[in-house]
Amino acid sequence: MSRFLGELEVGPQGLGCMGMSEFYGAGDESESIAVIHRALELGVTLVDTADMYGPYVNEELVGRAIADRRSDVVLATKFGIVREEGGARSIRGDRDYVRASVEGSLKRLGTDVIDLYYLHRVPSDTPIEETVGAMAELVTEGKVRYLGLSEAGAETLRRAHAVHPITALQSEWSLWSRDIEAEIVPTARELGIGLVPYSPLGRGVLTGRFTSAADFGADDFRAVGQPRFSGANLDTNLKMVEDLRALAAERGVTAGQLALAWVQHRGDDVVPIPGTKRIKYLEENVAAAALELSADDLAAIETAVPATAVAGDRYPDMSAVGR
């Protein structure tokens, strides 16, 4: 059954492709392409990438995967995070950068139009009106169909939406990350903006597949200075995952399926984009979209993973989140 992000119709669940290229250890391109193809077979239509993943190579991978089935895909990508030499990052949203970014993405994706084009993070030195105004020009020119923002705050959403309709807000939202619920989600719904939760499985940890920091590979970003996945914070958080696993076992599903179903039940305007590099986990994720949870089920899940009990911030530097 379809869901709507604003006026954009998509499947009930999307596919995040970031981890196919980096951050979560080595990937395999042929297997990743097979995952994308299987996702489309299962009714997943929203495929999500960004120019900074790789950088650039994830867009190229997605472009190759969808080259012969473009009409089956609602293609989303993002711009605005600039990766610099030495690992530093900056955020840009000036008009010239918007226009240069879209041309690069179109070429790498092998398409003449991007269905949903996001500003990946809100810059501190460019008015959101300038950035969204430049993005709106791309809609007029037919290079982009719909506009989105990622990790934007409530006031930014209002200002951006006043320039051009914003179709979707992509933010981290899961049992582990509920900070957007107080102000940002109500604002998005007031404006008719759909919600696209990324990392709905707590960057994979809510699946129950990890039992200690040693389970993260050396090239996995979770193992390097991420507060939520380090030291005593991780010990606290893994205890909650054990409680979630026990609850899931009682219902004959996996912990990840229960956590993902919880996100799917946040509303009909919510389309999570769990990421995976394996067909097995893709199929588990898609099956979670069909799980029916009662009010008692939802209460039990939130008791197992209380909103205020998660230890550690999402990022070492939270300054660009909710701006």
Carboxylate-amine/guanidinium contact R64 E29, below 4.0 Å: yes
Residue pair E172, R178: steps toward the salt bridge (Lys or Arg N to Asp or Glu O under 4.0 Å) verdict: CA-CA 8 Å; E172 187 168 349; R178 301 183 62 180; over 6 Å; no
Donor on one side chain, acceptor on other, D296 and S294, under 3.5 Å: no
Donor + acceptor pair across side chains of T49, N58 (<3.5 Å): yes
Flag side-chain contact, heavy atom, 4.5 Å: L157 against I193: yes
Any side-chain heavy-atom pair of E283 and L42 under 4.5 Å: yes
Verdict with supporting geometry, E190 and R158, salt bridge (Lys or Arg N to Asp or Glu O under 4.0 Å): CA-CA 10 Å; E190 175 191 335; R158 292 187 187 281; 2.9 Å; yes
ILVMFWY cluster, L109 and V44 together (side-chain gap under 4.5 Å): yes
R245, CZ atom: more than 12 neighbouring heavy atoms under 6.0 Å: no
Joint hydrophobic cluster, V73 plus L106, side-chain heavy atoms closer than 4.5 Å: yes
Interatomic spacing from CD1 in I66 to CZ in R69 - rounded to 0.5 Å: 10.0 Å
Aromatic ring proximity, centroids under 6.0 angstrom, Y117 and Y146: no
T167 and E7 side chains, donor-acceptor separation under 3.5 Å: no
Heavy atoms of other groups near Y56 OH, more than 12 under 6.0 Å: no
Non-hydrogen side-chain atoms of L116 and R145 separated by less than 4.5 Å: no
Test item: side-chain donor near acceptor, R228 and S177, under 3.5 Å: yes
Derivation of the side chain to side chain contact (heavy atoms under 4.5 Å, CB included) call for V205 and W176: CA-CA 10 Å; V205 180; W176 269 14; 3.4 Å; yes
Under 3.5 Å side-chain donor-acceptor pair for D48 and Q170: yes
Within one Ile-Leu-Val-Met-Phe-Trp-Tyr cluster: I91 and V102, side-chain cutoff 4.5 Å: no
Salt bridge (Lys or Arg N to Asp or Glu O under 4.0 Å) assessment of D112 paired with R70: CA-CA 11 Å; D112 58 0; R70 177 67 181 89; over 6 Å; no
Geometric class of the W173/W262 ring pair [parallel <30°, tilted 30-60°, perpendicular >60°]: perpendicular
Verify same cluster id: L293, L206 (apolar side-chain graph, 4.5 Å): yes
Side-chain heavy atoms of K277 within contact of E31, under 4.5 Å: no
Close side-chain approach of E141 and R99, heavy atoms under 4.5 Å: yes
Inter-residue atom distance D115.CG - T45.OG1, 0.5 Å rounding: 9.5 Å
Among K107, K78, R108, side-chain hydrogen bond (donor to acceptor under 3.5 Å, both in side chains) partner for E59: R108
Heavy atoms of other groups near E103 CD, more than 12 under 6.0 Å: yes
Rounded distance (nearest 0.5 Å) linking atom CG of N285 with atom CD1 of I273: 12.0 Å
Check: Y198/E151 side-chain N/O donor and acceptor closer than 3.5 Å: yes
Heavy-atom side-chain contact between I81 and R92 under 4.5 Å: no
Face-on cation placement of R209 at Y281 ring, 6.0 Å and 45° thresholds: yes
Flag side-chain contact, heavy atom, 4.5 Å: R95 against T126: no
Connected via hydrophobic side-chain network under 4.5 Å: F79 and V57: no
Between N233 and S230, a side-chain donor and acceptor under 3.5 Å: no
